[in-house]
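Naming: A, B, ... by sequence-line order, numbering from 1 per chain.
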Amino acid sequence: MHLYNLTLQPPTAITQAIVGNFSGARQQEIIASHGTRLELLRPDPQTGKISTVISTDVFGSIRSLAAFRLTGGTKDYAIVGSDSGRIIILDYDPKTTSFVKLHQETYGKSGARRIVPGQFLAVDPKGRSVMISAMEKAKLVYILNRDAAANLTISSPLEAHKNAAIIHHIVGLDVGFENPTFAALEVDYTESDQDPTGQAYENAEKMLTYYELDLGLNHVVRKWSEPTDRRANLLLQVPGGQLASSDKYDGPSGVLVCCEDHIIYRHMDAPQHRIPIPRRKHPLNNRDRGMLIVAAVMHKMKGAFFFLVQNEDGDLFKVTIEHEEEEVKALKIKYFDTVPVASSLCILKSGFLFVASEFSNHYLYQFQKLGDDDNEPEYSSTMYPSFGMSDPTRPLPAAFFRPRPLDNLAIADEIASLTPILDSKVLNVLPNSDTPQIFTACGRGTRSSLRILQHGLEVEESVSSDLPGIPNAVWTTKRTEEDPYDSYIILSFVNGTLVLSIGETIEEVQDTGFLSSAPTLAVQQIGADALLQVHPGGIRHVLANGHVTEWRSPTNKSIVAATTNKRQVVVALSSAELVYFELDLEGQLNEYQDRKAMGSTVLALSIGEVPEGRQRTPYLAVGCEDQTVRVVSLDPESTLETISLQALTAPPSSICIAEMMDFSITKVEPVMFVNIGLQNGVLLRTVLDPTSGQLVDTRTRFLGTRPIKLIRVQIQRQPAILALSSRSWLNYTHQNLMHFTPLIFDNFDYAWSFSAELSPEGLIGIAGSTLRIFQIPKLGTKLKEDSIPLSFTPRKFITHPSNHYFYLIEGDHRVIGDDAAAKKLAELRNQGKDIDDEVLELPQEVFGKPSGPAGTWGSAIRIIDPIEAKTVAYIPLDGNEAAFSLAVVPFSARNDDLHLVVGTAADTLVSPRSCSSGFLRTYQFTDDGAGLELLHKTETDDVPLALMAFQGRLAAGVGKALRIYDIGKKKLLRKVENKGFASAIISLHTQGSRIIVGDMQESVSYVVYKAPENRLLVFADDNQPRWVSAVTMVDYNTVAVGDRFGNILVNRLDPKVTDQVDDDPTGAGILHEKSILMGAPHKTKMIAHFHVGDLVTSIHKVAMVAGGREVLLYTCLHGTVGILVPFVSKEDVDFISTLEQHMRQENSSLVGRDHLAWRGYYTPVKAVIDGDLCEAFARLPTSKQSSIAVELDRTVGEVSKKLDQLRVTTSGF
Amino acid sequence: MLREPIRRAKNVLKGYPRLPWQSSELRYTANTQLEHLHARYTGTGHADLTKHEWLTHQHRDTLSSIVGHPTLTSFLALADGDSIGRVKFEMTEKMLQPCGPPPRKDDD
């Protein structure tokens, strides 16, 4: 078996984001790291919308990012620290819209290792050097400079190692133009490793150390080292140094040390200042744990600077420093606003704050004000004796603030993010859909949601209005060539034509020169300022002065098809003749002297737009009833001569020639595509060879059940094609690559571009008797999202066999559940405590639920109607219980009545796993599944992490034990048990009497249930440990497993073992077989292995397209959705794997990671081909493409066709 | 236990002096060589390594690997209801003494 891995949706989590002028223009951009991808985002300061410029897979794990600008430069570079053991400097090239690797310096082994740098990056603010550091000991300093040709140069590394030092954070100090200095937060473990009493560990000090790079001597010295707070976690650069023009200091220099509950200002030879981090004035918050700063940003403005720091609840604080020259007078903090907890904060000079959320959607906020003159209490270091440092070992008196809705910030834009996907299902529940949807349970806490992902583009409707009849076609047109917007909407009915003018209102007009008593076949703004209407009886040429020239079709012949552009008109007559007209220089339409007899009725015609600077387009495509498409020349030398002919499988219904950019074919000029829609719903996309006129590189796609209509439209000022069948599709160019995506909207009968002042980029369509104007806002996306909000982090959800509802369990650790919170509040009220109701009523989606100590849980069961996208029932759990697993079980002891069993546990601690008691809650369905009624609760000794229906009973994985329960009157009755599993059972699957058990640490085991002896016997397992996170059965002998380190693998059991086990009636044979490697007597064989790079949370075996092959679809924690496609032929495997080998050579990773090593991170990659790498073929330079194609004995077109076909036929994407 | 995979063993020592057992001539300089290697590669074992030392190294490797892999920190943060920043901080803090104080030496 060979598999082809394709990513359908790349990871959406942002692990780090940096801001800078990466394209060298005035506008600032953001580079976001998605863990394994780099994305360049461009916020538009006018509209406040953020758009993706490029996004590339780096085939490595990005651990740190820093923006960097050489002294006096105007362009920022990105420095990347990754797991490649190399430091990388990237430059964004706006010309080719790609990242260019400027430098790649190797310093160590690959992997996220303890002493190999890459974890932290710190740059000198003056752009002279960079420090890259490991988690322990190793720190390297590189000097950056420019050479005579102004190119960036990098020195060999200087070591700033300190043995036995654990590094918490590093930062570049702002020292102006003195020697570059870096500050590091380090703890030395030498003494605590030697001291058996543990005293040295207690006394271990966290040191703030300055490393100075002596530019003169070219080495790094440890300049200063002082102990600081033991719970410090983060350093922040404080501006410093003198301005060149004046003697004024930018700031005092030094660092802010963020600690648990405090922030300290430190600098060499300067007094310390300490302030507390204020806490929420919330009656329920747990006060026994300190608050950490998890994200921070410093912003410099003219003559001033401030910091925004964020705590674990998402509260932002503004920190300011009052200073006189280099001397700090006061350090101040005050509450700013509350936003989602961020992995990175970026402030843009245009007044925006980008919040890259840890989980769920990312936001762009606009600053309304800077919180300068409000009534928020401000805490200053001057309020405490000796600036808060009189006794550094004791905390300062607690400071408080009242959380409130956004005041200083306003939301400008939102970027959807699926992170984290915790569970998913793939099935088709929506009516009118022929492809399955992906349902993902995502998000964290109160910001979580169940999202419905549908393949397609989102459509935004702006106008929908009813028409008097049912039109067959619609056009819009300008009046003259120079008009910015369209002036008329022309609707063609069976017996007439209606013209509407677009103004402040849309109303009917009569005096346009158009014939209203006949249907229309084509409308065109022709020449400089004339209009053209083609109707069955002839052609009307309406000149600017209102004069109409008319060409009438010969008697007894009518026009059946027409195609037009700015200078040319071709019509087909019912006698199967073509008539060709061309505009002369005076603006007169002239008929070509000959008519061309086609010999078969013409069904469709198309010519392309006139290329810029030309008189005409040289080709006409004619589709005839005899199932052929002919390319006819319109060149003056050979007018109306047939150049080539292509046979079709069905009569054509529509043809459309469009010149579009597609980098996978050529990077120089647009390609002339001839799209042929057939009456059976198949679309053929061919390329018209510009020199020979032949149709080459044909690709087919099934669009729907109705005959296809093709319409050339404008999307973002680029030509695109709308293909209408039983679904509407859009074929467009995005980031120079061709996309073909369905629109998620009603079916259209006809559509056209629509451009007006209010919707410059719109489309207009008719569906039945309604006229609709709409836009496509999110080009480039492939999945449309709809979401249903949840109240806690979703854990698992299941479907019901007979109704369409979803049953979902959600739960959060360290969160007080709603019942417990209400009880506690009532208690506080009884005690006569003053309770601030306004704070309690703050929206929980933003401010979260009140937090509790470890062991507190908030949890609920939810019933969701996925069709209506709403919650049907919500059942909170009481008694500090949290739900971990659920199953719908048809108990045969109750006549196969369906019951919902939910595995819960009370007072659960996650690590080490413990609970006061586990429970199996058995519910009966009420109201056809829309409600639940608790029958009974069965106690268990451990947390039940996996449940499953098994032969009319319940199979439960309770801690290390696999049990089978039957239903009883007062509780579930334990029937059989096997306690021999290694750590904890986290997943159960079954076929027949076989159960596949996924263990948390020890991979999957095959268990058989032998009913006659009532035994559960483990007969096969894996020969290596696996931290299983998701399992699915591919067939009776085969499982696909995802593990916690981002691997996906397929294991198979020898069918002989299956026969042997299944033929053994009692299982006595297995019981007495010799165990191998201290485990089961049989081992599975690994047949495929691949490192995805994201933690796999679910795997499904599904068919993504109607009638397509079954594939393995997986979802991952950071939002990745991908598929593994089994290859069907040996030739394909050979071909694609050879292509992959070549791609490894040509397309080197942006972070310098070896591709083969990356995909085989923990275990060498086996029998899986990386489709993402293969698809990068489309972006390679033409010369490389052709050299690879030559090696493969194919043409470039054939290679990209094969790749395209693999994607389309299996995923439909 | 999670450690970064150890592969291509020969590359580890590429460019560095050959190990004593690879050549008999170097047998007498074995100690200085080993010390050099230990200083350079924190976490390399030796013949007198105690169980506690070995375990501490294993844990430190594991902890730093968790901090270095964004998906793992996200996963732990979700499971434990903490922020990613807290998970990274607590993991790094734990590296100081992951397995408790060393056992007392018998001969003291």
Side-chain angles (χ1 to χ4, degrees), chain A residues 13 15 35 61 63 83 109 111-115 118-119 134-137 163-164 166 168 187 189 192-198 201 204 231 233-234 292-295 312 341 343 358-359 419-420 422 444 793 812-815 854 910-911 1027 1044-1046 1093-1095 1116-1118 1161-1163, chain B residues 1-8 11-12 14 38-44 52-53 56-57 59-105 108:
Chain A
T15 52
S61 162
R63 295 157 74 196
D83 65 347
K109 288 177 76 175
R113 279 165 218 273
R114 175 146 69 116
I115 53 159
Q119 184 64 34
M135 289 294 293
E136 183 181 315
K137 180 181 140 178
N163 265 329
I166 295 159
H168 275 259
V187 192
Y189 63 69
S192 22
D193 265 8
Q194 302 300 330
D195 178 23
T197 61
Y201 169 73
R231 300 287 286 172
N233 70 321
L234 199 72
L292 283 182
I293 295 298
V294 294
E312 292 167 84
V341 183
S343 54
E358 269 186 358
F359 297 110
T419 329
L422 291 147
R444 152 83 170 276
T793 310
D812 265 315
H813 191 204
R814 298 177 200 273
V815 161
V910 177
S911 174
W1027 294 58
R1044 209 182 274 187
F1045 309 116
D1094 196 350
L1095 198 156
C1116 303
L1117 195 72
H1118 274 184
Y1161 203 124
Y1162 298 91
T1163 306
Chain B
M1 200 64 57
L2 159 75
R3 288 187 87 193
E4 288 301 304
I6 298 166
R7 250 187 290 127
R8 277 184 272 144
N11 280 358
V12 177
K14 209 172 165 185
H38 280 290
R40 197 168 181 109
Y41 298 106
T42 312
T44 30
H52 178 264
E53 279 169 348
T56 305
H57 279 314
H59 273 91
R60 284 193 184 129
D61 285 345
T62 304
L63 290 165
S64 63
S65 183
I66 290 172
V67 177
H69 284 106
T71 48
L72 283 175
T73 46
S74 300
F75 185 76
L76 293 179
L78 274 165
D80 212 11
D82 268 331
S83 65
I84 293 175
R86 170 72 75 169
V87 169
K88 282 190 180 172
F89 173 64
E90 297 295 353
M91 291 284 159
T92 319
E93 279 289 291
K94 226 175 166 180
M95 279 177 75
L96 177 55
Q97 195 163 78
C99 307
R104 281 174 204 284
K105 290 197 180 97
D108 299 339

Quiz prompt | Closest-packed option against chain B by number of heavy-atom pairs under 4.5 Å, given T15(A), I166(A), N163(A) | solution = I166(A)
Practice problem: Go through the atoms of R63(A) and report whether side chain, backbone, both or neither lie under 4.5 Å from a heavy atom of chain B. | Solution: side chain
Quiz item: Taking E93(B), Q97(B), R86(B), E53(B) one by one, which has the highest count of heavy-atom pairs under 4.5 Å against chain A?
Solution: R86(B)
Self-check item: Top contributor to chain B contacts, counting heavy-atom pairs under 4.5 Å, from G198(A), G35(A), S192(A), A204(A)
Solution: S192(A)
Quiz item: Which atoms of L422(A) come close to chain B, meaning under 4.5 Å heavy atom to heavy atom: side chain ones, backbone ones, both, or neither?
Solution: side chain
Exercise. Tell me, with the steps shown, if S74(B) and H1118(A) meet side-chain hydrogen bond (donor to acceptor under 3.5 Å, both in side chains).
Key: CA-CA 8 Å; S74(B) 300; H1118(A) 274 184; 2.7 Å; yes
Quiz item: Which one, V294(A), I293(A), V815(A), leads in non-hydrogen pairs under 4.5 Å with chain B?
Solution: V294(A)
Quiz item: Given the options C99(B), G68(B), G100(B), G85(B), which has more heavy-atom pairs under 4.5 Å with chain A than any of the others?
Solution: G68(B)
Practice problem: Give, as side chain, backbone, both or neither, the part of I115(A) having an atom under 4.5 angstrom from any heavy atom of chain B. | Solution: side chain
Exercise. Examine whether an atom of P103(B) lies under 4.5 Å from a heavy atom of chain A, and if so say whether it belongs to the side chain, the backbone or both; otherwise answer neither.
Key: backbone
Quiz prompt | Residues in side chain to side chain donor-acceptor pair (under 3.5 Å) contact with D812(A), at least two apart in sequence or another chain | solution = T793(A)
Quiz item: Out of D195(A), V187(A), T419(A), T197(A), which one racks up the most heavy-atom pairs below 4.5 Å with chain B?
Solution: D195(A)
Quiz item: Where is the tightest heavy-atom contact between P101(B) and H52(B), given as atom of each residue plus distance?
Solution: O-NE2, 3.5 Å
Practice problem: Of all the heavy-atom pairs spanning M95(B) and R60(B), show the shortest one and how long it is. | Solution: O-NE, 2.6 Å
Quiz item: What are the two closest heavy atoms between D83(A) and A112(A), and how far apart are they?
Solution: CB-N, 3.9 Å
Quiz prompt | Heavy-atom side-chain proximity of R444(A) to V341(A) below 4.5 angstrom | solution = no
Quiz item: Would you call R231(A) and E90(B) a salt bridge, taking side-chain N to carboxylate O under 4.0 Å as the test?
Solution: yes
